2 protein chains.
Amino acid sequence: MIAKAQTQTAAEGLPPVAAQARRFGKARSAQSHARMEDYAELISDLIAAQGEARATDIARRLGVSHATTIKFLARMKAEGLVTSQPYRGVFLTAAGAALAERTRKRHRLVVDLLVAVGVPQDVAEADAEGIEHHVSDAALAAFARFVDAR
Amino acid sequence: MIAKAQTQTAAEGLPPVAAQARRFGKARSAQSHARMEDYAELISDLIAAQGEARATDIARRLGVSHATTIKFLARMKAEGLVTSQPYRGVFLTAAGAALAERTRKRHRLVVDLLVAVGVPQDVAEADAEGIEHHVSDAALAAFARFVDAR
DNA sequence: TCCAATATGTAGCCTTGGCTACAATTGGCA
DNA sequence: TGCCAATTGTAGCCAAGGCTACATATTGGA
């Protein structure tokens, strides 16, 4: 009875293996972009609010150690998203700024959608931080239509 | 000009440091529970659909190697969520079954909500896989009210 | 009955993203 | 002007969760 119903059949009610695997894989890899997006958006916000983004501030706001932040910023620099001189602040490249802008728009739209369906504002803000990285463009478009149509 | 506006002030437009750090921290740690939930739900689905959950099937459906699955199952066993005999299938404990049920309910509710705001069914299914782990109980309650009220 | 295919388990490696501890630089102010 | 505190950078550690390669167990069918 052990190796019987295993020949790709007998999947009553379950999605096809390939589709489900793709889905889970996408959810997994979304997580690696997520941090980049968080950083880009936060750096952009900090520059807008106080004129510069400093590693220590970023670390404090993300709730991680400054060492973690500096290591991550090195990765973003390698990917051409930020620039920095030693002991000067962090700046976004054009690519980084574009990523920040896209992320911010998506973040706002997710919050708006959540609020529109009745989620309290503060809960919406908090949940959006996790949700936003998993919303596809197709879903985002639907969100925009729904929010606009109200 | 470098170390000037840093004394917790000058946060025009930005959320308070502590709140934002908590938010990001929560989003980060949600990710560790996420995998447990995925496994529990999938095991439950497999048992329902084909009478047993086998490591190879789980691996195939998650899109990871069987070695990864077996290592992860060991962790779940250590946490009392599943049991298994060597070369027999995997079974959920009461705690594991409860987790699966909670996760499944949440998953369905997220899909329903997405569909209700106009996201196509297949997109909703795919996105929900990533989104569901970041939806708080408060937001979930709002989702339920919204979906019911239609 | 026994063997080959499949499933399961183990070992060892890699990357990511955390951390602490220590080193170096900067800049304000006494 | 020189020193001290804060910021920034470096080094080395850890756990999680991937992987491949190899070892072991099981079972259906020749």
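Lettering of chains follows the sequences in order, A, B, ..., and the numbering in each one begins at 1. The structure presented is a predicted model; accordingly, all values stated were derived computationally and were not measured.
B/Tyr87 contributes a side-chain N or O that forms a donor-acceptor pair with the base of D/dT24 under 3.5 Å.
Put simply, A/His66 does not rest on the base of D/dT7: the two rings are not both less than 5.5 Å apart at their centres and under 30° in tilt.
Rounded to an integer number of Å, the gap from A/Glu52 CD to C/dG27 P is 11 Å. Atom CD1 of A/Ile58 and atom C1' of D/dA6 are 16 Å apart (whole Å). Rounded to a whole Å, the CD1 atom of B/Ile70 is 14 Å from the C1' atom of D/dT20. Atom CG in B/Leu73 sits roughly 10 Å away from atom P in C/dT8 (whole-Å rounding). When rounded to the nearest whole Å, the span between CZ of B/Arg54 and P of C/dT6 equals 13 Å. If you take CD of A/Gln31 and P of C/dG18, they are 9 Å apart, rounded to a whole angstrom. Rounded to whole Å, atom C1' of C/dT25 lies 10 Å from atom CZ of A/Arg88. Atom CZ in B/Phe72 sits roughly 12 Å away from atom C1' in D/dG18 (whole-Å rounding).
Residue order along DNA chain D, read from the 5' end via each residue's closest nucleotide, puts A/Pro86 first among A/Pro86 and A/Lys71.
Remark: of the listed residues B/Val115, B/Leu113, B/Leu114, B/Val115 is the sole one forming a side chain to side chain contact (heavy atoms under 4.5 Å, CB included) with B/Val111.
Taking 4.0 angstrom as the limit, B/Arg28 places none of its side-chain polar atoms (N or O) nearer than this to OP1 or OP2 of C/dG17. Considering only side-chain N and O atoms, A/Thr56 lies nowhere under 4.0 angstrom from the phosphate OP1 or OP2 of D/dA6. At the phosphate of C/dT16, neither OP1 nor OP2 sits under 4.0 Å from any side-chain N or O atom of A/Arg35. Checking the phosphate oxygens (OP1, OP2) of D/dG18, no side-chain nitrogen or oxygen of B/Thr68 falls inside 4.0 Å. For B/Ser65 and D/dC19, the shortest distance from a side-chain N or O to OP1 or OP2 is below 4.0 Å.
Side chain of A/Arg104 to main chain of A/Asp45: no donor-acceptor pair is present (N/O by atom type, distance under 3.5 Å, no hydrogens or angles).
Interatomic distance, OG of A/Ser136 versus CZ of A/Arg106, reported as 10.0 Å (0.5 Å rounding).
Side-chain contact check for B/Met36 versus B/Met76: some heavy-atom pair is nearer than 4.5 Å.
A salt bridge is absent between B/Arg145 and B/Asp148: the closest approach of a Lys/Arg side-chain nitrogen to an acidic carboxylate oxygen does not fall below 4.0 angstrom.
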